[in-house]
Amino acid sequence: IIMELMKNSFKATVERFANTDEIRARTVRILVCHDKEKVAIMVNDRAGGIPFETAPKIWSYLYGACARTSHSSGPGASPLGGYGVGL
């Protein structure tokens, strides 16, 4: 799940901002905190968030920012595309 969150953040940042300087100014930040019993991981970007109408779908196993298989090609296929694993 963490890998999917990171890929979604990277992909959204690259797609939203056109030039390298804008992308570099919007670093994806990952914060890991823990105590003796729990670990919390936060993936934070400035790419605009999840559209309101999409929110109900993100927990579906077959939903991803750009679901693909290992042999996919075309406009949606990329290493940042994801595998359709919902959050």
Determine all donor-acceptor pairs shorter than 3.5 Å in which one atom belongs to a side chain in residues 36-52; sequence neighbours excluded.
unit_1	atom_1	unit_2	atom_2	d
Asp45	OD1	Ala47	N	3.0
Asp45	OD2	Ser9	OG	2.7

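- The CZ atom of Arg16 lies 10.0 Å from the CD atom of Glu22; values are rounded to the nearest 0.5 Å.
- Evaluation of the salt bridge (Lys or Arg N to Asp or Glu O under 4.0 Å) rule for Glu15 yields Lys11 as partners, not counting sequence neighbours.
- Looking at Met6 and Val28, their side chains never come closer than 4.5 Å, going by heavy atoms from C-beta outward.
- The CG atom of Asn19 sits 10.0 Å away from atom CZ of Arg24, with the distance rounded to the nearest 0.5 Å.
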